[in-house]
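Data first, discussion second: the structure below is written as structure tokens.
Predicted model only: the values in this text are computed from it and were never measured. Order of the sequence lines sets the chain letters (A, B, ...), proteins ahead of strands, with each chain counted from 1.
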Amino acid sequence: MNLFADIRALVIDCLTELTEAGVLPSGLAFDNIAVEPPRDASHGDMATNAAMVLAKPAGMKPRDIAQALADKLSGDARVATVEVAGPGFLNLSLDATVWAGMVKAALSNADFGKSTLGAGKKINVEYVSANPTGPLHVGHTRGAIFGDALASLLDYAGFDVTREYYINDGGGQVDVLARSVYLRYLEAHGQEVTFEDGTYPGDYLIDAGEALKAKVGDAYVGKDEDVWLADVRSFSTDAMMDLVRTDLASLGIKMDNFFSEKSLYGTGRIEEAINDLKSKDLIYWGSLKPPKGKLPDDWVAREQWLFKSTDFGDDEDRAVQKGDGTWTYFAPDIAYHFDKVSRGFDGLVDVFGADHTGYVKRMKAAVAALSNNTVTLDIKLAQIVRLFKNGEEFKMSKRAGTFITVQDLVDEVGKDVARFIMLMRKNDTPFDFDFDKVTEQSKDNPVFYVQYANARVHSVLRKAHEAGVDTSDLASADMTLAAHPAELTLAGKVAEWPRVVDVAARSNEPHRVALYLYDLASEVHALWNRGNDDTSLRFLQEDNVPASQAKIALIRSASVVISHGLGILGVTPAEEMR
RNA sequence: GCACCCGUAGCUCAGCUGGAUAGAGUACCUGACUACGAAUCAGGGGGUCAGAGGUUCGAAUCCUCUCGGGUGCACCA
């Protein structure tokens, strides 16, 4: 169904025939041959670099190869014309029936664009994984939205995807959370409290304090920490995870699995993972060199258990156990990824915040070691989003209480806008998010641009219905009645969809889908406006039902693709904009 | 000091993993609503792709170095 892949296969077939005929020397590698949409429309529908790639290894002039290939290619029914251009490009234009076939495929096949790339392979996408110490704030949204769209994309590309959230409930900060909730609990009992020792003063814990009171009454009032800490900790993390789940839901995110870090402790699972590495001779007792540059004041040389991550491309070996004998944070991370590997995933994706850049190498090293290089781990970094309000950068601070929550964001701009804007950009480029512009709900919103294109198509469908034009079987329309160059341009854009899915999924880059949808919408709008000047390009042709059906089939195929694409991005494909 | 990410139009960002004359949006200028929805379209100006070398038929893209910005750098999660 991917036209570009089909034509590439055709090119390879022709080259193989040329090799068999002795025109080309045998043993040439065809891997680097590409068939792509040309940048310039005057260069036809597709271009291939085959002749230039093969010229050197074949010891021939590129244009000679190009000519021989051109002669072969022109024998195929799908190929209308072939031109040798520039240094040896082959520019192909395809027969109009090819485009008609793609339009019909989009209309009649609900799986148009779905790929077999994944072949049912199991992929685990871990994202968000924010500490369960409060509601999600805007800093989390980019990774959350990115990870979710990536998961959908991979699913669309034929992978068996699991969406997963790693709950960091094993470390010291959940103790801080528990103490903070305890203070709110005392407050609920009428006591004056002050938030010291780094405890969280945010209002969002008031409810948790009240809830704790409702649950245990005054049982913990005036008691020592060892009496209540464990219980309050689990009570608090549960409460925070409820908030997180609500926040995720408001962004349209539903996880398949929540994995608790705490579940790794005291169950032998960390030991199991570390022993696996030990058995591979990758854990040793030693000491690390002091960090270069400015030395921390309290640095002391120390012997500890180290993971030989330098064997897998890391810069330093990494400690798995602290000086006091307890595990470092890295140890449960290893165990967690060991668990993922054990669950039989063929590939893992971790979506990290930009502040975790430093852990990429060691995590990859760990997965490579644990899986004997059989499982790939791709780590995508969600870069910083700088917020602008009233023309000035808006700095968030938990302490000053000036942080914008996911809930604030969704209330202001809505889920669809938040998602689309974030997904327009590549995940690893920092970008500026102007709150005011997006809040205007007007021009500066690419989301509306895409949705509007879809709405316009549905408007035509409604008009067609009023005019008595049967649109129930558009796939059978006679597409020769919609073969104006401007119309074929749109058909060509629709035909690119499967390729976009393929490329985006291969590189784990859902933003390509968003950008493509914008382009596709642009073509829809352009063709629409052409109808203002040239009535023969209007979708509803008076007293000509077959022509109307063909033209409607064309734009309907575009809207079908828009729906699929927005579905992947988690954005609602509105049918009306009123 | 080391590692990773980044540097493309005034601004915000793409650039299909090495392809042809580097593109959108925004802003500025000009034009198109008696109209299938103008939240739209058509056109114009705007660039040393941070800089310098290198690899080759061909570089914004790959390699090296320099400059500039971000993030992270024993024991914290």
Side-chain angles (χ1 to χ4, degrees), chain A residues 32 34 36-40 43 47 49 52-53 55-56 62 85-89 91 131 168 170-174 261 287-296 298-302 304 314-316 318-319 321-324 326 328-330 332-333 353-361 381 383-384 424-426 428-434 437 441-446 448-449 451-453 455-457 459-464 467 496 499-500 503-504 506-507 509 511-512 515-516 518-519 522 524-533 535 538-540 548 551-552 555 576-578:
Chain A
N32 290 328
E36 298 172 323
R39 188 169 306 181
D40 191 327
H43 292 146
N49 59 358
M52 288 177 296
V53 171
K56 194 173 184 185
F89 283 103
N91 292 332
N131 297 327
N168 288 111
Q173 58 212 328
V174 288
E261 177 192 355
S287 59
L288 292 170
K289 282 171 286 190
K292 303 261 166 56
K294 54 182 177 192
L295 207 60
D298 54 349
W299 190 88
V300 287
R302 172 176 293 141
Q304 55 201 155
D314 200 357
D315 311 297
E316 300 284 346
R318 304 293 172 179
Q321 216 171 38
K322 295 186 218 166
D324 64 3
T326 60
T328 65
Y329 64 87
F330 187 40
D333 273 347
D355 54 341
H356 283 65
T357 347
Y359 309 116
V360 171
K361 284 186 179 178
L381 297 173
Q383 265 294 347
I384 304 278
M424 286 274 289
R425 271 80 180 192
K426 221 165 68 184
D428 57 2
T429 22
F431 85 96
D432 296 348
F433 189 93
D434 192 323
K437 276 193 176 177
Q441 297 243 334
S442 61
K443 301 179 185 175
D444 295 326
N445 249 313
F448 292 134
Y449 185 83
Q451 288 182 324
Y452 184 33
R456 276 180 147 178
V457 174
S459 176
V460 170
L461 288 172
R462 287 191 294 270
K463 289 280 178 188
E496 275 183 42
R499 181 174 181 273
V500 168
V503 172
R506 279 179 201 280
S507 50
E509 291 182 342
H511 78 279
R512 292 179 190 278
L515 293 169
Y516 165 79
Y518 190 88
D519 283 348
S522 176
V524 170
H525 289 308
L527 184 56
W528 181 290
N529 278 69
R530 286 289 294 267
N532 290 342
D533 301 326
T535 54
R538 297 180 62 154
F539 305 118
L540 273 171
S548 298
K551 291 167 190 292
I552 292 170
I555 52 162
E576 276 187 291
M577 301 294 288
R578 294 175 203 283

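The structure places NZ of A:K361 at 9.0 Å from CZ of A:R318, a figure rounded to the nearest 0.5 Å. In this structure, CD in A:E261 is found 5.5 Å from CG in A:N168, a value given to the nearest 0.5 Å. Note that the CH2 atom of A:W528 and the CZ atom of A:F539 stand 6.5 Å from one another [nearest 0.5 Å]. The distance from the CZ atom of A:F89 to the CD atom of A:E36 is 8.5 Å, given to the nearest 0.5 Å. With rounding to the nearest 0.5 angstrom, the CG atom of A:L288 is 10.5 Å from the CZ atom of A:R302. Atom CD in A:E576 sits 4.0 Å away from atom CZ in A:R462 (nearest 0.5 Å).
Of the candidate nucleotides B:C16, B:G25, B:A20, B:G25 has the atom nearest to the side chain of A:Y518. Distance from the side chain of A:R538 is smallest for B:A35 among the nucleotides B:A35, B:U17, B:A39. Distance from the side chain of A:V460 is smallest to B:C36 among B:C36, B:G19, B:U17. For A:Y329, the side-chain atoms get nearest to B:A77 when compared with the rest of B:U17, B:A77, B:A38. In the set B:U17, B:A74, B:G37, B:G37 carries the atom at the smallest distance from any side-chain atom of A:R456. Distance from the side chain of A:F448 is smallest to B:A39 among B:U71, B:A39, B:C36.
If you take CG of A:D533 and C1' of B:A35, they are 11 Å apart, rounded to a whole angstrom. As a whole-Å value, the separation of A:H356 NE2 from B:U71 C1' is 12 Å. The CZ-P distance, from A:R425 to B:A14, rounds to 7 Å in whole Å. Remark: C1' of B:A77 and OH of A:Y359 are 8 Å apart, rounded to the nearest angstrom. Counting to the nearest Å, the C1' atom of B:A39 and the CG atom of A:N529 are 12 Å from each other. Taking atom CZ of residue A:R530 and atom C1' of nucleotide B:A32, one finds them 14 Å apart after rounding to whole Å. As a whole-Å value, the separation of A:Q304 CD from B:C75 P is 7 Å. Across the protein-nucleic acid pair, A:D40 atom CG and B:U21 atom P stand 10 Å apart, rounded to whole Å.
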Short N/O separations, protein against nucleotides 54-63 of chain B, under 3.5 angstrom:
none

Please list, for nucleotides 3-7 of chain B, all pairs of protein and nucleotide N/O atoms separated by less than 3.5 Å.
residue : atom : partner : partner atom : Å
B:A3    : O3'  : A:K361  : NZ           : 3.2
B:A3    : O2'  : A:K361  : NZ           : 3.4
B:C5    : O2'  : A:D428  : O            : 3.0

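Side-chain contact between A:I552 and A:L540: present, with at least one pair of heavy atoms (C-beta onward) separated by less than 4.5 Å. Considering only heavy atoms from C-beta on, A:Q451 comes within 4.5 Å of A:M577 through its side chain. No side-chain heavy atom of A:S287 sits under 4.5 Å from any side-chain heavy atom of A:Q304.
Annotation: B:G1 and B:C65 have their P atoms spaced 15 Å apart (nearest Å). As rounded to the nearest Å, B:U64 and B:C6 have P atoms that lie 14 Å from one another. Separating the P atom of B:C49 from that of B:A60 is a span of 8 Å, rounded to the nearest Å. When the C1' atom is used for both B:G15 and B:U55, the distance is 22 Å, rounded to whole Å. For the C1' atoms, the distance from B:G68 to B:A50 is 7 Å, rounded to whole Å. Comparing the C1' positions of B:A24 and B:G46 gives a spacing of 14 Å, expressed to the nearest Å. Comparing B:C11 with B:U56, their P atoms sit 36 Å apart, to the nearest whole Å. Rounded to whole Å, the P atom of B:C13 lies 35 Å from the corresponding atom of B:A32.
Comparing A:F539 and A:R512 by the nucleotide of RNA chain B that holds the closest heavy atom to each, the one mapping nearer the 5' end is A:R512. For the pair A:N168 and A:A34, nearest-nucleotide mapping onto RNA chain B gives the more 5' position to A:A34.
Distances shown here put a side-chain N or O of A:W528 below 4.0 Å from the OP1 or OP2 atom of B:A38. Phosphate proximity of B:A38 to A:Y449: absent, as no side-chain N or O sits under 4.0 Å from OP1 or OP2. Dashed line: the shortest gap from a side-chain N or O of A:H525 to OP1 or OP2 of B:A32 is not under 4.0 Å.
Between A:E496 and A:R499 no salt bridge is recorded (no basic side-chain N to carboxylate O distance below 4.0 Å).
If you check distances only, the side chain of A:R499 does reach the base of B:C16 with a donor-acceptor pair under 3.5 Å. At a cut-off of 3.5 angstrom, the base of B:G19 holds at least one donor-acceptor pair with the side chain of A:N49.
A:S507 comes within 4.0 angstrom of a base, heavy atoms only. Across all strands, A:R506 comes closer than 4.0 Å to no nucleic acid atom at all (heavy-atom distances). Across all strands shown, A:D314 has no heavy atoms under 4.0 Å from either base or sugar-phosphate atoms. In this structure, A:E496 reaches neither bases nor backbone, as no heavy-atom distance under 4.0 Å exists between it and the strands shown. A:A354 comes within 4.0 angstrom of the backbone, heavy atoms only, and of no base. When heavy atoms are screened at a 4.0 angstrom cut-off, A:L288 is found touching the sugar-phosphate backbone but no base atom. A:A467 comes within contact range of no nucleotide atom at all, as no heavy-atom separation falls under 4.0 Å. Within the 4.0 angstrom heavy-atom criterion, no nucleotide atom of any strand lies near A:Y516. Nucleic acid contact for A:A453: none, since no nucleic acid atom lies under 4.0 Å from a heavy atom of the residue.
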(request) Let me have RNA chain B in dot-bracket notation, would you? Count Watson-Crick plus G-U wobble pairs, both distances under 3.5 Å, and use [ ] for pairs crossing earlier ones and | for inter-strand partners. (result) (((((((..((((.....[...)))).(((((.......))))).....(((((..]....))))))))))))....
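Judged purely by distance below 3.5 Å, without hydrogens or angles, the side chains of A:Y452 and A:R456 pair a donor atom with an acceptor atom. At a cut-off of 3.5 Å, with distance as the only test, no side-chain donor of A:Q383 or A:D428 sits close to an acceptor on the other residue.
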(message) Could you walk me through whether A:E509 and A:K426 satisfy the side chain to side chain contact (heavy atoms under 4.5 Å, CB included) test, starting with their C-alpha distance in whole Å, then the side-chain angles of each, then the deciding distance to 0.1 Å, before giving a yes or no?
(response) CA-CA 7 Å; A:E509 291 182 342; A:K426 221 165 68 184; 4.3 Å; yes
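Judged by distance alone, the side chain of A:S507 and the main-chain N or O of A:V503 form a donor-acceptor pair under 3.5 Å. Proximity of a side-chain donor or acceptor of A:Q321 to a complementary backbone N or O of A:T326 within less than 3.5 Å is not detected. Counting only distance, with no hydrogens or angles, the side chain of A:H43 and the backbone of A:P37 share no donor-acceptor pair below 3.5 Å.
Centre separation under 5.5 Å together with a plane angle under 30° holds for the ring of A:H43 and the six-membered base ring of B:A20, marking them as stacked.
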